[in-house]
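Chain naming here is simple, since letters A, B, ... match the order of the sequence lines and numbering starts at 1 in each.
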Protein chains: 2
Amino acid sequence: MHITQHTDYALRVLIFLASNEHRLVTIQEISERFEISRSHLMKVVNQLIRNGFVEGLRGKGGGLRLARPPQQIAVGDVVRKMESDLALVECFTDQSRCLLTATCQLKGVLATALEAFFASLDKVPLSEVMGPAQRALLHVLKRMP
Amino acid sequence: MHITQHTDYALRVLIFLASNEHRLVTIQEISERFEISRSHLMKVVNQLIRNGFVEGLRGKGGGLRLARPPQQIAVGDVVRKMESDLALVECFTDQSRCLLTATCQLKGVLATALEAFFASLDKVPLSEVMGPAQRALLHVLKRMP
DNA sequence: TTTAAAGAGTCAACAAAAATGAATCTTTTA
DNA sequence: TAAAAGATTCATTTTTGTTGACTCTTTAAA
């Protein structure tokens, strides 16, 4: 049972962007801050952009920002979109050759459990994993003109 | 997000044993039935025995049987015991070097979701994943002297 | 209209984890 | 006491995930 580091990084990038909502942040900056190689991080960011969580502005003076306010981004959604392979066991796929398939109910039971996992994560918006200090900052900024 | 095939096999072995509660089943037989190598399956069975789900009787005429009736074995318990590494993300471990650690609440959120996953599996006893036909057989056998 | 700053994509190398099975050892009971 | 069962160890192979170099494309500022 693992979430790929890819997904882990994605969440951290989002948290970082949420903590810097008032400005554009470059991949360069994040890669330095998190001590991850730029090109590696790029792939993570890319997927975040393709999935509509982040807006990437190219060209001089460009950078990244959240596509929506952090209150409207559910952690569950991010994990679902970033984890490409959610087949918990072989028999989730079409080419299963498990000899119990006909009779066993395992697949449904595991699928239900996976839903429970995501349902739990869906309840949590990005703004709630940011940490108190950063969340407070978010409130202050909202009041500013 | 994956469960290892190891765990998958473990569940299948248990289902098979539950479907043959009235007799001893050898690893040999299971390996033939599931088309898995004997020595590989052995490791799975071994772990099942060490965790008290299965009783292994050695020597001539020996074999395997469930240590408890299938109604008393929760799927969640099996998965928990078979999956050795339940650290969803790096920061679950002690040596985490995530630079957000101090402030971010991700760890707790993911841990809660993982609990929800297992809570869902804990509700399901082995007897419920066996398939209707086999379960019916179980009832009949219970009534026999 | 050029240039530099940004993201996008491709590719190959590397590392870690999981799966597999051969060979050998131990226990036990018919 | 021999044969049938599980137990253990080890090495190999396969798969998956991680990493980063290199090159391409876009775009806004100078």
Side-chain angles (χ1 to χ4, degrees), chain A residues 1-10 12-13 17 23-32 34-67 82-90 93 95 97-98, chain B residues 1-10 12-13 17 23-32 34-67 82-90 93 95 97-98:
Chain A
M1 292 279 295
H2 269 280
I3 273 176
T4 61
Q5 226 172 94
H6 207 74
T7 302
D8 193 8
Y9 285 162
R12 294 180 196 189
V13 166
L17 291 181
R23 66 182 181 95
L24 290 179
V25 177
T26 66
I27 288 184
Q28 183 68 39
E29 182 185 349
I30 304 178
S31 91
E32 279 164 14
F34 289 177
E35 295 169 13
I36 308 172
S37 101
R38 192 177 150 279
S39 31
H40 188 211
L41 190 60
M42 193 86 68
K43 283 155 217 161
V44 176
V45 168
N46 230 284
Q47 213 174 328
L48 283 173
I49 291 176
R50 260 186 274 118
N51 283 300
F53 295 116
V54 167
E55 269 177 13
L57 307 177
R58 293 182 176 198
K60 211 175 212 171
L64 308 168
R65 68 176 168 221
L66 289 187
M82 299 299 293
E83 287 287 308
S84 48
D85 186 0
L86 287 174
L88 267 188
V89 288
E90 194 195 0
T93 69
Q95 312 89 30
R97 27 168 232 86
C98 168
Chain B
M1 291 278 295
H2 269 281
I3 273 177
T4 61
Q5 229 174 91
H6 207 74
T7 302
D8 194 7
Y9 285 161
R12 294 179 196 190
V13 167
L17 290 182
R23 65 182 181 95
L24 290 179
V25 177
T26 66
I27 288 183
Q28 183 68 37
E29 182 185 349
I30 303 178
S31 91
E32 278 164 16
F34 288 177
E35 294 169 14
I36 309 171
S37 100
R38 191 176 149 280
S39 30
H40 188 213
L41 189 60
M42 193 85 68
K43 282 155 215 159
V44 175
V45 168
N46 230 285
Q47 213 175 328
L48 284 173
I49 292 178
R50 260 185 273 119
N51 282 301
F53 296 115
V54 167
E55 269 178 11
L57 305 179
R58 293 184 177 194
K60 211 175 212 171
L64 308 168
R65 67 175 170 222
L66 289 187
M82 298 299 294
E83 288 288 307
S84 49
D85 186 0
L86 287 173
L88 267 187
V89 289
E90 193 194 1
T93 68
Q95 312 89 29
R97 30 169 229 85
C98 167

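Note: His40(B) and Tyr9(B) have perpendicular aromatic rings, judged against thresholds of 30 and 60 degrees for the angle between ring planes.
Rounded to an integer number of Å, the gap from CZ of Arg38(B) to P of dA5(D) is 9 Å. Per the geometry, CD belonging to Gln5(A) stands 18 Å off P belonging to dT16(D), to the nearest Å. Distance His40(B) NE2 to dG21(C) P: 8 Å, rounded to the nearest Å. Between the CG atom of Leu24(B) and the C1' atom of dA30(C) there is a distance of 15 Å, given to the nearest Å. Here dT18(D) presents its P atom at 14 Å from CG of Leu41(A), a figure rounded to the nearest Å. What separates CD of Glu83(A) from P of dG17(D) is a distance of 8 Å, to the nearest Å. One atom, CE of Met42(A), and another, C1' of dA5(C), lie 12 Å apart when rounded to the nearest Å. Remark: C1' of dA19(C) and CE of Met82(B) are 14 Å apart, rounded to the nearest angstrom.
In terms of position along DNA chain C, the nucleotide closest to Val45(A) lies nearer the 5' end than the nucleotide closest to the other residue of the pair Val45(A) and Thr7(B).
Within the 4.0 Å cut-off from OP1 or OP2 of dG21(C), at least one side-chain nitrogen or oxygen of Ser37(B) is found. In this model, the phosphate group of dT8(D) is approached by a side-chain N or O of Asn46(B) to a distance below 4.0 Å at OP1 or OP2. Contact check, Gln28(A) against dG7(C): no side-chain N or O comes under 4.0 Å of OP1 or OP2. Taking 4.0 angstrom as the limit, Tyr9(B) places a side-chain polar atom (N or O) nearer than this to OP1 or OP2 of dT20(C).
When heavy atoms are screened at a 4.0 angstrom cut-off, Ile36(A) is found touching no nucleic acid atom at all. Residue Gly59(B) is in base contact, counting any heavy-atom pair closer than 4.0 Å across all strands shown. Within 4.0 Å (heavy atoms only), Thr26(A) reaches sugar-phosphate atoms of the nucleic acid but no base atom.
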*Test Ile30(B) against Arg12(B) for side-chain contact (heavy atoms from CB on, under 4.5 Å), laying out the working first.*
CA-CA 10 Å; Ile30(B) 303 178; Arg12(B) 294 179 196 190; over 6 Å; no
*Apply side-chain contact (heavy atoms from CB on, under 4.5 Å) to Leu48(A) and Leu64(A), showing your working.*
CA-CA 10 Å; Leu48(A) 283 173; Leu64(A) 308 168; over 6 Å; no
*List the steps and the verdict of side-chain contact (heavy atoms from CB on, under 4.5 Å) for Met1(A) and Met1(B).*
CA-CA 6 Å; Met1(A) 292 279 295; Met1(B) 291 278 295; 4.3 Å; yes
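Using a distance-only test at 3.5 Å, with no hydrogens or angles considered, no donor-acceptor pair links the side chain of Glu83(B) to the main chain of Ile3(B).
Between the side chain of Thr4(B) and the base of dA18(C) there is no donor-acceptor pair of N/O atoms closer than 3.5 Å. Contact of Lys43(B) with dG21(C) (side chain to base): a donor-acceptor pair of N or O atoms is detected under 3.5 Å.
Relative to the side chain of Ile49(A), the nucleotides dA19(C), dA5(C), dA8(C) differ in distance, and dA8(C) lies closest. Taking the side chain of Ile27(B) as heavy atoms from C-beta on, and the options dT18(D), dG20(D), dG6(D), the nearest nucleotide is dG6(D). In this structure, of dG7(C), dA4(C), dG9(C), it is dG7(C) that holds the atom nearest to the side chain of Leu64(A).
Side chains of Val13(B) and Val25(B) form no contact here, defined as non-hydrogen atoms less than 4.5 Å apart.
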